[in-house]
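The structure under discussion appears below in the form of structure tokens.
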There are 2 protein chains.
Amino acid sequence: MQDQPKKSDQDIDFGVLDEFLGYRLRRAQMNFFAKFGEVCEDLGISPGLFAVLAIVERNPGLTQTAVAQALGNDRSAMVAAVDKLESKNLLERRPAVNDRRSYALFLTAEGGRFFDNAVKRVSCYENEMAKCLDGDEEKQWLLNALERLANKSL
Amino acid sequence: MQDQPKKSDQDIDFGVLDEFLGYRLRRAQMNFFAKFGEVCEDLGISPGLFAVLAIVERNPGLTQTAVAQALGNDRSAMVAAVDKLESKNLLERRPAVNDRRSYALFLTAEGGRFFDNAVKRVSCYENEMAKCLDGDEEKQWLLNALERLANKSL
DNA sequence: CTAAATTGTTATAGCTTTCACCAAACTTAC
DNA sequence: GTAAGTTTGGTGAAAGCTATAACAATTTAG
């Protein structure tokens, strides 16, 4: 009754966890986050900062809150993010033309080059990760399923 | 040149983000995390604590580090988690039989009942979320794809 | 026995979320 | 038009969770 059978890592019963989408999503996302860190280590940006650059690059002039809403983050999270990107000379806060409360965000020239380079790296490792999927067909299916789950309400 | 076209929330160009598995995984997982919080609000446990209970329930006597490794967390994260679960009388630290450094973790009787109840709730909302998938077939495919992504190495 | 590895722990830092706050903008009523 | 209240944008402080590094006690390897 006291001799536990010395379970190895593979030997563990995950029970209901194995059937829960929430848990599996977390594990998959943790792996992606870790791989992102490896690939972009020297660039000094996190997935969150990368996402901010991506939104601002395609939608120049957006306010901080607009970017936050687009990414599903809180407004307050944007302060430190934009501060950091601005200190790296990648992003620029300009006063908004018709609203003195808000800033309009723009990529700097350096930010544009930086982002292009980062996209290359991220695309590269994304493609590598997607190799465990069955071709572009399954990847598109997966992207679609994930979008449905992200927007599902109870 | 200065009149930005007043983009609404739906009007934003996500660019490369839309094709990145990492981003879509994050969005989907954020939604699951939020829904978990709604459903289990009065229970006072997070997805992380739920996962600890699930592992200990199916693998009684595991050490803290073994649970951490199973869940992909750091050992140090387990301290606060077990502290919290122990203060709720759901989990118990017993001295390990053959290693005075480590504890063996067990669910208390109350912890067992609590977990059963929590599983009912989480299963319920998991099923609700899965309704945006095409039957059990697509769910199983998705679980499988997520497992592949979680274990893929570069 | 000595050196290396392991367990639980603490401290520290980073990131994210929540709350309250102030200034600016908007809405409504005069 | 003005003046009141309300909403919104950015910010800062506090709380939460996670990851990293270091540490003492203990176990294991050589």
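Computation of the quantities below employed the complete heavy-atom set of this structure, encompassing side-chain atoms and omitting hydrogens, waters and symmetry-equivalent molecules. Below, chain A is the first sequence line, B the second, and so on; all start at residue 1. Just so it is clear, the model here is predicted, and its values are computed rather than measured.
When only modelled atom types and interatomic distance are considered, Tyr23(B) and Arg27(B) share a side-chain donor-acceptor pair under 3.5 Å.
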Are Glu38(A) and Tyr125(A) close enough, and set up right, to give a side chain to side chain contact (heavy atoms under 4.5 Å, CB included), and what steps lead you there? CA-CA 10 Å; Glu38(A) 291 175 22; Tyr125(A) 101 79; over 6 Å; no
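Between Phe32(B) and Phe20(A), the gap from one ring centroid to the other reaches at least 6.0 Å.
Among pairs with a residue in residues 79-91 of chain B, those fulfilling salt bridge (charged side-chain N to carboxylate O under 4.0 Å, His left out) read Asp83(B)-Arg93(B), Glu86(B)-Arg93(B), at least two apart in sequence or across chains.
Taking atom CD of residue Gln64(B) and atom C1' of nucleotide dT7(C), one finds them 8 Å apart after rounding to whole Å. Going from atom CZ of Arg100(A) over to atom C1' of dC26(C) covers 14 Å, rounded to whole Å.
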Indicate for each nucleotide in nucleotides 13-23 of chain C, in 5' to 3' sequence, whether protein heavy atoms under 4.0 Å reach the base (B), only the sugar-phosphate (S), or nothing (-). --S-BB-----
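Inter-residue side-chain proximity for Ile45(A) and Phe114(A) is flagged as met; some heavy-atom pair is nearer than 4.5 Å.
Checking side-chain atoms of Ser102(A) against main-chain N and O of Thr63(A) turns up no donor-acceptor pair under 3.5 Å. The backbone N or O of Leu21(B) sits less than 3.5 Å from a side-chain atom of Glu126(A), completing a donor-acceptor pair.
For DNA chain D, the span of nucleotides reached by chain B at under 4.0 Å from its heavy atoms goes, 5' to 3', from dC17(D) to dT27(D).
Leu90(A) and Val16(B) fall within a single hydrophobic cluster, where Ile, Leu, Val, Met, Phe, Trp and Tyr are joined by side-chain heavy atoms under 4.5 Å apart, directly or via other members.
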